[in-house]
Number of protein chains: 2
Amino acid sequence: MLKSSESPSAEPPSRVGRRPSTSRAELERHALRLFAERGFDEVTVEDIAAAAGIGRRTFFRYYKSKNDAVWGDFAGELRRMREVLDGCPPGMPMMDALREAVVDFNRLDAAQIPWHRLRMRLILEVPALQAHSTLMYAEWRAVVAEFAARRLGEPADALLPQVIAYACLGAAVAAYEQWLRQDGSDLAGFLDEALRALASGFGEPPRRD
Amino acid sequence: MLKSSESPSAEPPSRVGRRPSTSRAELERHALRLFAERGFDEVTVEDIAAAAGIGRRTFFRYYKSKNDAVWGDFAGELRRMREVLDGCPPGMPMMDALREAVVDFNRLDAAQIPWHRLRMRLILEVPALQAHSTLMYAEWRAVVAEFAARRLGEPADALLPQVIAYACLGAAVAAYEQWLRQDGSDLAGFLDEALRALASGFGEPPRRD
DNA sequence: ACCATAATGGCACCCGGTGCCGAAAGGAAG
DNA sequence: CTTCCTTTCGGCACCGGGTGCCATTATGGT
């Protein structure tokens with residue numbers, strides 16, 4: 001089952017039991033490819049498992065659900081964003097810090113852009129994934145809310161930190177939607193613009209600096 | 001199957017074929033009651049159908065999914081909100097109009113409060129419903145985005161109207177979460193506060209008036 | 001060779017959701 | 001009352017995501 005030509009990620013230390021047949025990343029590649037070819041709803045978990053040469057049951061040991069197979073290492077990315085926020089100078093205005101963290105969180109090297117576009121197109125356009133995203137974003141919001149709460153001296157579950165977290169998420173999603181509408185457009189620019197709008201508020205007058 | 005003692009809603013004109021065995025409202029009451037008693041995930045569609053005295057298959061003629069059974073006449077409420085926004089004076093500042101519309105949209109008479117609390121507790125706390133809500137809220141956002149776009153003279157799918165729509169939704173949801181945390185608290189007050197925060201922006205200085 | 005450990009994957013099962021189709025219930029016309 | 005038309009009902013078979021169970025397989029350590 002494990003083709004010798006594709007050791008999942010070079011086994012460094014000695015291990016104890018049977019080695020995994022594949023890896024999350026490998027599985028995700030197969031999944032994304034199939035979704036791109038046929039559409040999310042037209043691909044079954046069995047299809048993905050077969051493409052990866054594993055059993056259907058085993059797929060669910062790598063990903064809790066079909067939906068999850070699209071999200072890559074979101075938990076890891078999230079950890080990075082938390083660290084960026086933790087390590088930002090205490091003097092920096094809250095919204096500047098959040099804006100920079102979000103822009104940084106979504107920085108990609110050119111090679112990954114096509115994959116990331118595909119991933120995000122699925123998440124934002126396929127209803128099942130759109131719905132599921134809410135559950136994924138919950139942790140993202142928690143990170144933002146905790147940061148905002150610290151800055152405001154309020155508990156993280158108070159109204160204002162929660163509003164800020166929801167609003168930042170919304171701004172980021174809206175920016176992503178713009179980015180998807182035109183190939184080669186500037187994601188960081190949209191994110192920056194959306195979050196600046198949040199910082200200055202939607203009330204009149206719009207304060208032209 | 002149709003108990004004579006519960007005519008679904010008084011058949012006014014003459015109809016042609018067989019009359020419905022029940023109504024969406026009736027079905028929703030059964031569903032909410034069961035969800036409250038046993039929890040959303042522990043109630044099957046078959047349970048709800050049985051409680052209402054209809055077949056499982058028939059349930060899906062009244063509601064497209066188990067999730068939908070919780071949302072009452074959301075489409076109708078949405079229509080009302082659109083009308084409120086359409087009929088608001090053109091001179092009123094955009095965020096004032098949105099704030100009043102949202103507060104009005106969520107006004108309840110005392111009798112419905114317990115049901116609405118239950119409904120919203122389910123929507124905001126049960127993962128399956130939390131995820132599904134995103135799809136429901138999409139139309140709500142569209143209403144807000146169209147209004148904002150009209151006021152800003154931009155297309156509804158431009159960045160700023162979309163950010164405003166996402167942010168308003170987030171503010172409303174955050175307000176609801178606060179409301180659920182304490183029995184008898186003031187929903188309208190939370191909504192008002194959250195949307196005012198959006199209007200004035202999160203940037204420093206927070207402008208104390 | 002033997003054992004502990006960890007991954008695999010088949011199997012049976014649950015549940016939400018759908019297509020199909022005949023049956024039931026009602027009104028209108030003869 | 002019988003016939004026809006219309007609409008709802010609901011059983012049945014099926015699909016696909018997801019889970020619990022458990023024997024099997026691969027691997028390192030003794």
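Numbered from 1 within each chain, the chains take letters A, B, ... in sequence-line order.
- By the 4.5 Å heavy-atom criterion applied to side chains, Glu42(A) and Glu37(A) are not counted as neighbours.
- When the nucleotides dG10(D), dT8(C), dT6(D) are ranked by their closest atom to the side chain of Thr58(A), dT8(C) comes out on top.
- One can place CZ of Arg19(A) at 11 Å from P of dA26(D), the figure rounded to the nearest angstrom.
- Of the residues in residues 125-137 of chain B, not one places a heavy atom less than 4.0 Å from an atom of DNA chain C.
- Of the N and O atoms on the side chains of Asp68(B) and His132(B), at least one donor lies less than 3.5 Å from an acceptor on the other residue.
- When rounded to the nearest whole Å, the span between CD of Glu42(A) and C1' of dC15(D) equals 13 Å.
- Side chain of Arg117(A) to main chain of Trp179(A): a donor-acceptor pair is present (N/O by atom type, distance under 3.5 Å, no hydrogens or angles).
- For Arg79(A), the side-chain contact (heavy atoms from CB on, under 4.5 Å) partners are Glu83(A), not counting sequence neighbours.
- Contacts classified as ring pair (Phe, Tyr, Trp, His ring centres under 6.0 Å) and involving residues 49-69 of chain A (residues at least two apart or in different chains) are not found.
- Rounded to whole angstrom, the span from the CG atom of Leu27(B) across to the P atom of dC9(D) amounts to 10 Å.
- The aromatic ring centres of Trp71(A) and Tyr137(A) sit less than 6.0 Å apart.
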Query raised in the report: Which letters describe nucleotides 17-24 of chain D, given B = protein heavy atom under 4.0 Å from base, S = only from sugar-phosphate, - = neither?
Result: BBBBBB--
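- Residue Tyr63(B) has no polar side-chain atom (N or O) positioned under 4.0 Å from OP1 or OP2 of dG17(C).
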Going by atom type alone, with no hydrogens or angles, which donor-acceptor pairs under 3.5 Å involve a side-chain atom of residues 97-107 of chain A and a protein atom two or more places apart or on another chain?
| residue | atom | partner | partner atom | Å |
| --- | --- | --- | --- | --- |
| Arg99(A) | NH1 | Asp192(A) | OD1 | 3.4 |
| Arg99(A) | NH2 | Asp96(A) | OD1 | 2.6 |
| Asp104(A) | OD2 | Arg80(A) | NH2 | 3.4 |
| Asn106(A) | OD1 | Tyr176(A) | OH | 2.6 |
| Asn106(A) | ND2 | Val102(A) | O | 2.9 |

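- Nucleic acid contact for Gly55(B): sugar-phosphate only, since backbone atoms but no base atoms lie under 4.0 Å from a heavy atom of the residue.
- Listed by first then second residue, pairs satisfying ring pair (Phe, Tyr, Trp, His ring centres under 6.0 Å) with a partner in residues 35-57 of chain B read Phe35(B)-Phe40(B), not counting sequence neighbours.
- Between the C1' atom of dC15(C) and the CD1 atom of Ile48(B) lies a distance of 12 Å, rounded to the nearest Å.
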